[in-house]
Structures are given as C-alpha cells and as structure tokens.
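In what follows, every chain begins at residue 1, and chains take the letters A, B, ... in the order their sequences are listed. Scope of the values below: all heavy atoms of this structure, side chains included, with no hydrogens, waters or symmetry mates.
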Number of protein chains: 2
Amino acid sequence: MELKVATEIGKCLSNQTRLQIMEWLKKPENNFPPHETLKHFNDGVCVTYIQEKSGLSQSTISTYLTNMEKCGLLISTRHGKWSYLKRNEQLIKEYSEYILK
Amino acid sequence: MELKVATEIGKCLSNQTRLQIMEWLKKPENNFPPHETLKHFNDGVCVTYIQEKSGLSQSTISTYLTNMEKCGLLISTRHGKWSYLKRNEQLIKEYSEYILK
DNA sequence: CAAATATATCTATAATTCTCGATATATAAA
DNA sequence: TTTATATATCGAGAATTATAGATATATTTG
C-alpha cells in the first residue's frame, strides 16, 4: 500500500464518529434495524440509518461516507433510492498489514 | 481497545510525515545512520535523526513524537541527552486487530 | 560553573477539517 | 407529472491541527 493512500485512510479513521461507524458495520445486524425494503444486510446499511444513529446531520454523514468510500474503506451499493454501505474487508486488511511490521 | 484510544491513534496516523516515521522505524538500520554514541538500534532512533530526515522543524517533530508516544504508538527511551524512539509493536498489533473484523 | 548540545514547551499564525443549513439531484410513489 | 423521500453537493463560519520561531529545560563537556 502507498503512503498517500494509507494517509487518506488514516484521516478517515481519525474521527470518533467515523471510527464508530466502522465498528457498527462490523456487525450491522447487531447495530441497525433490518431495512424495511431490503431485508438483508448483504450490502450493509443505508445512509439514513447510519445518520440517525450517529446523531450528526445528514450532510455531515453523507460527506463522511462519501470520503470513506473514496479512500476504499467502504463499499457503496445503490438499490433504488437507497445507498447501502458496507466495510471493504479486503482494503482494511491491506491497511492493517501496512501499519503492522 | 477503546474507541477513544483508537481515535487518538488514528489522528497520529492521519498525517503523511507521521505515517512515514512509523514506516522508517520498521527498519531503522535501513533508514538512519547508526548513532555515534549508542551503536545499536535497540531503542530506536534519536529525535535529531528523525527531524533531519523529515525536513520539518525541531519543534514540530518533537511535538509529533511526543504525541505519538502519548497515544502509545512509540516507546521513548532516554540515554543521556538523547531520546530514542521505537515502535510499540504490541500496541500497533492491538490497533490493527481493532480495525480488522 | 559556563558553554554546548539535545529535546521539550510556549505562543501565534496559517492551513485544514468539522459541521451545518440550504440547495441540488435521483428515484419512487401518488 | 407532481410530490415525497433519500442522498449528494455547496458555501460558510467554527473548531482543530500544522508548523515554526522563541524560549525553557536537561544533560554533557570543558
């Protein structure tokens, strides 16, 4: 992994709310209600649920999630009018190996 | 690992120079000259060498290293008038496991 | 003890990030 | 096609971080 990419990932992980979101998404079914339309968590959780649980504004959370997707930490999938976010375990693994010896 | 601690670690890793320092310290002998007084790298590298290699000011690097030690990423050892810094592999492992699934 | 060297801390300004409300866009529902 | 809902983007002010020079402290050396 390149230093610049790793720095961008670090920036996403340098904020308590964003780190908390990463934690919540480890086990979405333990932290969020099942979506009324989509009944599974295969693609993660919709923006609204994450926003409500965080307590921050819609625009702030949307920006967070967009940046987290841009640096690769999250994978976004559209289903109709909803965007679902899930962890990108592959990238997270690469990052954790990068900072490890 | 607690969310707050992990956030502080993330802050340290959210800056290119600081992340670079973490990388340099993986193999100090590849990145720094051996110290004229202390001849080994057992306790890492002195502040001056890190400062010179980084190109930033003494005060900036001193602040960086102090914060990196405070959150546990680095271990500092005094030998006379020099402070030597090395990675805290144990803490780094805990952090990398925390962000992993 | 005085001078030199290494590191830490203080203070201030510049740069970046945080955060929101307003607004735009996309999609679905009526 | 109008309205409602979900998400994204824009613009701005507040808060935090970056960074350096000046200065303080700690330690060694003469």
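Put simply, Ser57(A) has a side-chain N or O that comes within less than 4.0 Å of OP1 or OP2 on dC20(C). A close approach under 4.0 Å does not occur between any side-chain nitrogen or oxygen of Ser83(A) and OP1 or OP2 of dT7(D). Applying the 4.0 Å criterion to OP1 and OP2 of dG21(C), one finds that Ser59(A) has every side-chain N and O outside that range. Phosphate contact (OP1/OP2 of dT19(D), side-chain N/O of Asn15(B), threshold under 4.0 Å): present. Within the 4.0 Å cut-off from OP1 or OP2 of dA6(C), not a single side-chain nitrogen or oxygen of Arg78(B) is found.
Residue side chain Gln58(A) reaches the base of dA8(D) through a donor-acceptor N/O pair under 3.5 Å, judged by distance alone. With hydrogens and angles left out, the side chain of Thr48(B) and the base of dA6(C) share no donor-acceptor pair within 3.5 Å.
Sparse packing is recorded around NZ of Lys93(B), with 12 or fewer heavy atoms of other residues, nucleotides or ligands lying under 6.0 Å away. Within a 6.0 Å radius of NZ in Lys101(A), more than 12 heavy atoms belonging to other residues, nucleotides or ligands are found.
Rounded to an integer number of Å, the gap from Leu56(A) CG to dC20(C) P is 5 Å. For the pair His35(B) NE2 and dT28(D) P, the interatomic distance rounds to 12 Å; values are reported in whole Å. Whole-Å rounding puts the Trp82(B) CH2 to dT28(D) P distance at 9 Å. To the nearest angstrom, P of dT7(C) lies 9 Å from CD of Gln51(B). One can place NZ of Lys70(A) at 14 Å from C1' of dT7(D), the figure rounded to the nearest angstrom. Put simply, CG on Asp43(A) is 18 Å from P on dA6(D), counting in whole angstrom units. The CD1 atom of Ile21(B) sits 14 Å away from the C1' atom of dT19(D) (whole-angstrom rounding). Between the CZ atom of Arg18(A) and the P atom of dT16(D) there is a distance of 14 Å, given to the nearest Å.
The main-chain N or O of Ser59(A) is never found under 3.5 Å from a side-chain atom of Ser62(A) such that the two would form a donor-acceptor pair. For Arg87(A) (side chain) and Gly44(A) (main-chain N/O), no donor-acceptor pair under 3.5 Å exists by modelled atom type.
Listed nucleotides dT27(D), dA28(C), dC10(D) differ in distance to Lys81(B); the shortest reach to its side chain belongs to dT27(D). Distances from the side chain of Ser62(A) to the nucleotides dT9(C), dT17(D), dT7(D) place dT7(D) closest.
Of the N and O atoms on the side chains of Gln20(A) and Gln16(A), not one donor lies less than 3.5 Å from an acceptor on the other residue.
Within 4.0 Å (heavy atoms only), Tyr64(A) reaches sugar-phosphate atoms of the nucleic acid but no base atom. Residue Leu65(B) is out of contact with every strand shown, counting any heavy-atom pair closer than 4.0 Å.
Checking Gly80(A) against Thr66(B), the closest nucleotide of DNA chain C that is more toward the 5' end is the one next to Thr66(B).
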